[in-house]
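Read through the structure below, which is laid out as structure tokens, and then see the notes.
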Amino acid sequence: MKKHLNAVAIGALMGLAFVGGHTLTFQGWAQDKVPDKAATSSDATDTYKQLDLFGEVFERVRAEYVEQVSDKQLIESAINGMLTSLDPHSNFLNSDEFQDMQSQTRGSFGGLGIEVTMENGVVKVVSPIDDTPAAKAGVQAGDLIIAIDGKPIVNMSLNEAVDKMRGPVGSNIVITVRRGDTEPFDLTLARATIPVESVRWRTEGDIGYIRITSFTERTEDGLKRGIADIKKKLGDKLQGYVLDLRNDPGGLLDQAIAVSDAFIDKGEIVSTRSRKADQAQRYNATPGDLADGLPLVVLINGGSASASEIVAGALQDHHRAVLMGTQSFGKGSVQTIIPLPGHGAMRLTTARYYTPSGRSIQQLGITPDIEVQQARIEEIAQMRGYREADLKGALNNDNKETVPGQGGADQTAPTTPPAGGGAQTDKPATPGEDKAASPPSDGAADANKPADVDYQLSRALDLLRGLALFQKGQAG
């Protein structure tokens with residue numbers, strides 16, 4: 001019986017290898033160098049010994065574990081353990097999880113609205129998705145979720161934790177969050193349908209604001225619709241664009257390439273390099289710039305990862321945009337979804353990606369051209385100071401214009417500036433705080449709705465207007 005189980009285990013694992021790596025296997029045999037038969041035979045013998053060990057453990061668990069466990073559960077857990085031991089982004093997806101993953105990139109799903117990863121045995125929030133229960137409850141990038149409904153997450157896999165956070169729309173869930181050095185606290189959230197509407201837009205005066213929350217199958221179309229709508233509203237008044245990639249956890253590689261291509265006329269956008277040198281790929285831009293050469297500022301922060309880093313890196317290397325904000329997340333690897341008919345799929349890290357200049361951002365991230373920490377802005381009450389008009393015997397204004405503070409329409413109290421030349425009104429944010437903009441729920445519906453106070457966005461708008469004036473000056 002044990003030999004039979006070992007054979008089954010060997011067959012299952014070998015079958016998985018051929019499904020996932022068929023092309024790699026044949027490319028390996030096609031090399032000029034003939035494999036050493038003795039070495040190959042020795043490696044194969046060692047491999048079969050290891051698989052025999054797997055079969056032995058499988059049989060012991062199956063026969064002696066305190067509770068009965070199905071063979072399917074044991075095999076799936078073994079496969080998932082093999083994949084998750086490789087890196088934080090490789091894993092096995094059973095049929096239900098594969099379907100959920102597809103729904104995220106195509107339509108909608110039920111849950112809390114957070115992109116997460118696993119770190120030191122707990123779930124770490126990469127970024128909350130705008131206008132979802134998590135974002136409305138104040139969940140922030142970098143938060144650690146240490147328990148779900150009172151049960152610690154330690155020893156759970158990422159898939160298990162995500163599965164527990166999903167559920168019927170309207171049902172409640174309590175997550176325990178640890179943020180920085182503060183004491184853990186509970187948040188009660190009601191699960192909701194999480195729409196995958198990845199592009200939103202509005203106008204900020206004479207500037208177009210475009211927010212990409214993730215890269216799904218509809219991102220390119222959403223970007224084109226947003227730019228077209230902004231052009232229609234502003235016409236010749238349009239001064240430039242802000243592309244907001246803050247807290248964008250990434251998504252589909254082809255959509256990141258399409259978004260970069262929308263602003264770049266020519267040249268490389270990104271390259272990927274896998275284990276085999278001859279499988280490197282380069283993706284190049286096609287002619288055309290949807291922004292018509294107008295100035296572009298890209299906002300990034302610690303929640304900007306993967307596909308959003310591809311876009312930021314490409315625009316930075318081509319000097320097409322000014323990057324503003326804080327250091328990005330640093331995920332420079334590409335995952336391939338490999339369907340396993342009848343069993344779901346496997347998500348496998350197959351390559352690293354590089355910016356046009358050859359930079360690998362794995363673990364390093366993208367450094368903004370101008371670092372701007374998020375901050376709160378508040379008005380500071382000041383005592384009324386003296387001005388020229390208050391001095392005894394001061395000359396009158398010969399144009400007979402109203403003196404500020406002495407009647408007429410302007411009654412603003414003057415102030416005495418410090419020796420440095422101006423009052424400081426920007427209060428630094430609480431350490432660890434790095435909020436993204438809060439755009440309207442639908443880009444077209446509230447295009448002219450003013451944004452909440454957002455320090456990073458305000459600085460981006462100021463910079464864009466300056467760039468637009470400089471550009472006009474050069475043209476003149």
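We're numbering straight along the sequence, starting at 1.
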- Task: List the steps and the verdict of side-chain contact (heavy atoms from CB on, under 4.5 Å) for Arg211 and Arg246.
- Result: CA-CA 8 Å; Arg211 163 86 170 137; Arg246 291 174 298 177; 4.2 Å; yes
- Could you give me the CA-CA distance, side-chain angles and deciding distance for Phe215 and Ser308, then say whether side-chain contact (heavy atoms from CB on, under 4.5 Å) is met? CA-CA 8 Å; Phe215 289 82; Ser308 56; 3.9 Å; yes
- Query: Checking salt bridge (charged side-chain N to carboxylate O under 4.0 Å, His left out) for the pair Asp278/Lys276: CA distance, chi angles, key distance, verdict?
  - Reply: CA-CA 6 Å; Asp278 59 352; Lys276 302 292 185 180; over 6 Å; no
- Message: Let's go through Phe92 and Leu340 carefully: what are the C-alpha distance in whole Å and the side-chain angles of both, what is the deciding distance for side-chain contact (heavy atoms from CB on, under 4.5 Å) to 0.1 Å, and is it a yes or a no?
- Response: CA-CA 10 Å; Phe92 173 73; Leu340 305 172; 3.8 Å; yes
- Arg225 and Asp221: CA distance, side-chain angles, deciding distance, salt bridge (charged side-chain N to carboxylate O under 4.0 Å, His left out) verdict: CA-CA 6 Å; Arg225 285 188 287 112; Asp221 291 339; over 6 Å; no
- Query: salt bridge (charged side-chain N to carboxylate O under 4.0 Å, His left out) between Glu160 and Lys164: does it pass, once the steps are laid out?
  - Reply: CA-CA 6 Å; Glu160 290 173 334; Lys164 286 186 176 294; over 6 Å; no
- Query: Does the side-chain contact (heavy atoms from CB on, under 4.5 Å) test come out yes or no for Leu364 and Arg359, once each step is laid out?
  - Reply: CA-CA 10 Å; Leu364 300 178; Arg359 290 181 295 163; over 6 Å; no
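The shortest heavy-atom contact between Val123 and Met118 is N-SD, 4.1 Å. Considering every non-hydrogen atom in both Gly111 and Pro133, the closest pair reads O-CG, 4.3 Å. Heavy-atom minimum distance, Val125 versus Val116: CA-CG1, 4.3 Å. Of all heavy-atom pairs spanning Pro356 and Gly313, the tightest one is CD-O, 4.2 Å. Of all non-hydrogen atoms in Asp131 and Ala135, the two that sit nearest each other are N-CB, 4.0 Å. Residue Gly303 comes nearest to Ser127 through the heavy atom pair O-CB, 4.2 Å, listed as atom of the first residue, atom of the second, then distance.
Heavy-atom neighbours of His318 NE2 from other residues, nucleotides or ligands within 6.0 Å: above the threshold of 12. Around the NZ atom of Lys231, the shell of radius 6.0 Å holds more than 12 heavy atoms that belong to other residues, nucleotides or ligands. Atom CZ of Arg178 has 12 or fewer heavy atoms from other residues, nucleotides or ligands within 6.0 Å. Other residues, nucleotides and ligands contribute at most 12 non-hydrogen atoms within 6.0 Å of the CZ atom of Arg352.
The shortest distance between side-chain heavy atoms of Lys331 and Val126 does not fall below 4.5 Å. Using a 4.5 Å heavy-atom cutoff, the side chains of Ser271 and Arg282 are in contact. Taking 4.5 Å as the limit, some side-chain heavy atom of Gln456 sits within range of a side-chain heavy atom of Thr326. Looking only at side-chain heavy atoms (C-beta outward), Gln362 and Ser333 come within less than 4.5 Å of each other. Side-chain atoms of Asp149 and Val174, non-hydrogen and from C-beta on, do get closer than 4.5 Å to each other. Counting heavy atoms from C-beta outward, Arg465 and Ile207 have side chains that approach closer than 4.5 Å. Contact of the Pro295 side chain with the Leu464 side chain is registered, since non-hydrogen atoms from C-beta on lie closer than 4.5 Å. No side-chain heavy atom of Thr132 sits under 4.5 Å from any side-chain heavy atom of Leu112.
With rounding to the nearest 0.5 Å, the separation of CZ in Phe329 from OG1 in Thr117 is 5.5 Å. Summarising the geometry, atom CD1 belonging to Ile145 is positioned 6.0 Å from atom CD1 belonging to Ile153; distances are rounded to the nearest 0.5 Å. Rounding to the nearest 0.5 Å places CD1 of Ile370 at 13.5 Å from OG1 of Thr367. Considering CD1 of Ile300 and CD of Glu371, their distance stands at 10.0 Å, rounded to 0.5 Å. Here the CG-OG1 distance, from Leu245 to Thr213, works out to 10.5 Å after rounding to the nearest 0.5 Å. Between the OG atom of Ser360 and the CZ atom of Arg273 there is a distance of 8.0 Å, given to the nearest 0.5 Å.
Take Glu183 and apply the side chain to side chain contact (heavy atoms under 4.5 Å, CB included) test, not counting sequence neighbours, and it matches no residue. Partners of Glu119 under the side chain to side chain donor-acceptor pair (under 3.5 Å) rule, at least two apart in sequence or in another chain, are Lys124.
Side-chain contact annotation: Thr355 with Asp317, donor-acceptor N/O pair under 3.5 Å present.
Checking side-chain atoms of Ser90 against main-chain N and O of Thr349 turns up a donor-acceptor pair under 3.5 Å. Using modelled atom types, one side-chain atom of Gln239 and one backbone atom of Lys237 make a donor-acceptor pair closer than 3.5 Å. Under the 3.5 Å distance criterion, the side-chain polar atoms of Asp265 are left unmatched by any main-chain donor or acceptor of Pro287. Distance alone, capped at 3.5 Å, places no donor-acceptor pair between the Tyr353 side chain and the Ala307 backbone. With hydrogens and angles ignored, the 3.5 Å screen pairs a side-chain donor or acceptor of Glu97 with a backbone N or O of Asn94. For Ser328 (side chain) and Ile366 (main-chain N/O), a donor-acceptor pair under 3.5 Å exists by modelled atom type. A distance-only check finds no donor-acceptor pair linking the side chain of Ser77 to the backbone of Leu74 [under 3.5 Å]. In this structure, Glu309 contributes its side chain and Gly330 its backbone to a donor-acceptor pair below 3.5 Å. Listed for the Asn301 side chain is a donor-acceptor partner under 3.5 Å among the backbone atoms of Asn247. Asp261 places a side-chain N or O within donor-acceptor distance of the main-chain N or O of Thr286, the cut-off being under 3.5 Å.
Checked options Ile227, Leu294, Val311; the residue passing with Phe263 is Ile227 (criterion: side-chain contact (heavy atoms from CB on, under 4.5 Å)).
Geometrically, Arg179 does not engage Phe185 in a cation-pi contact, judged by NZ or CZ lying under 6.0 Å from the ring centre and within 45° of the ring axis. With Tyr455 as the aromatic partner, Arg459 meets the cation-pi criteria of under 6.0 angstrom to the ring centre and within 45 degrees of the ring axis.
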